[in-house]
Amino acid sequence: MMIKPSTCLRNDYNDIANFCKTENQPVFLTKNGEGDLVVMSMEAYSFREEMLDLREKLLEAEAQRLNGAKTYSIDEVNKHLEDVINGTI
């Protein structure tokens, strides 16, 4: 975990940006000794957002399952996909 004072963002922007991109890690910035900001690469941010979105969808599906929504076995899903691929549906 890299923690830097906020002045480093102005003075060492290129080094911080390079670290975030090459190490795929965020940099935590402080202001007056307190946590203030997190800086990360666009790729890391996009990946994080996609994972959070997927987790939200999985939690929603699990809640629906627990509330009695119909579920399908692996064999049922495979058969349905084969039918779709073969054009029999």
Side-chain angles (χ1 to χ4, degrees):
M1 177 186 306
M2 182 180 284
I3 302 172
K4 296 277 188 181
S6 60
T7 55
C8 284
L9 186 58
R10 182 174 5 113
N11 300 332
D12 302 326
Y13 176 85
N14 289 333
D15 292 337
I16 290 172
N18 189 45
F19 174 84
C20 290
K21 292 173 185 174
T22 59
E23 300 298 320
N24 204 27
Q25 294 291 319
V27 174
F28 297 86
L29 300 174
T30 62
K31 184 175 181 179
N32 300 324
E34 300 286 326
D36 189 40
L37 297 172
V38 177
V39 178
M40 62 177 59
S41 70
M42 291 295 292
E43 292 81 14
Y45 178 79
S46 294
F47 179 78
R48 179 178 168 78
E49 289 298 306
E50 289 171 8
M51 290 300 105
L52 289 172
D53 186 48
L54 177 59
R55 181 179 176 159
E56 184 178 327
K57 289 176 182 177
L58 289 171
L59 288 172
E60 182 180 330
E62 179 64 5
Q64 289 175 358
R65 184 190 69 81
L66 291 173
N67 288 325
K70 179 160 176 43
T71 60
Y72 300 92
S73 70
I74 299 272
D75 292 335
E76 290 172 317
V77 171
N78 283 336
K79 173 72 171 105
H80 181 74
L81 289 174
E82 286 177 12
D83 290 346
V84 169
I85 291 169
N86 294 329
T88 57
I89 289 184

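For reference, positions follow the sequence shown, starting with 1.
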Visitor: Please determine whether residues Met1 and Val38 belong to a single hydrophobic cluster, defined as Ile, Leu, Val, Met, Phe, Trp and Tyr linked transitively by side-chain heavy-atom distances below 4.5 Å.
Guide: yes

Visitor: Could you see if Tyr13 belongs to whatever hydrophobic cluster contains Leu37? Use Ile, Leu, Val, Met, Phe, Trp, Tyr and a side-chain cutoff under 4.5 Å.
Guide: yes

Visitor: Which pairs, with at least one residue in residues 15-35 and sequence neighbours excluded, count as a salt bridge (Lys or Arg N to Asp or Glu O under 4.0 Å)?
Guide: none

Visitor: Which other residues end up in the same hydrophobic cluster as Val77, if Ile, Leu, Val, Met, Phe, Trp and Tyr are linked when side-chain heavy atoms come under 4.5 Å apart?
Guide: Tyr72, Leu81

Visitor: If you look only at pairs with a residue in residues 40-54, which of them pass as a side-chain hydrogen bond (donor to acceptor under 3.5 Å, both in side chains), with sequence neighbours excluded?
Guide: Asp53-Lys57

Visitor: Between Cys20 and Met40, which heavy-atom pair has the shortest distance, and what is it?
Guide: SG-CA, 4.1 Å

Visitor: Applying side chain to side chain contact (heavy atoms under 4.5 Å, CB included), name anything that partners Met42, two or more places apart in sequence or on another chain.
Guide: none

Visitor: Do any pairs count as a salt bridge (Lys or Arg N to Asp or Glu O under 4.0 Å) and have a residue in residues 61-89, sequence neighbours left out, and if so which ones?
Guide: Glu62-Arg65, Lys79-Asp83

Visitor: Under a single-linkage rule joining Ile, Leu, Val, Met, Phe, Trp and Tyr whose side-chain heavy atoms are separated by less than 4.5 Å, which residues share a cluster with Leu66?
Guide: none

Visitor: Measure the spacing between CG of Asn78 and CD1 of Ile85 and express it to the nearest 0.5 Å.
Guide: 9.5 Å

Visitor: Test question: given the 4.5 Å side-chain rule for I, L, V, M, F, W and Y, name all other residues clustered with Leu52, or answer none.
Guide: none

Visitor: Can I get a per-line list of side-chain donor-acceptor pairs under 3.5 Å for residues 2-9, giving both atom names and the distance, sequence neighbours left out?
Guide:
{"residue": "Ser6", "atom": "OG", "partner": "Thr30", "partner atom": "O", "Å": "3.4"}

Visitor: Does Ile89 sit in a hydrophobic cluster with other residues, and if so which ones, taking ILVMFWY side chains as linked at heavy-atom separations under 4.5 Å, directly or through other members?
Guide: Val84

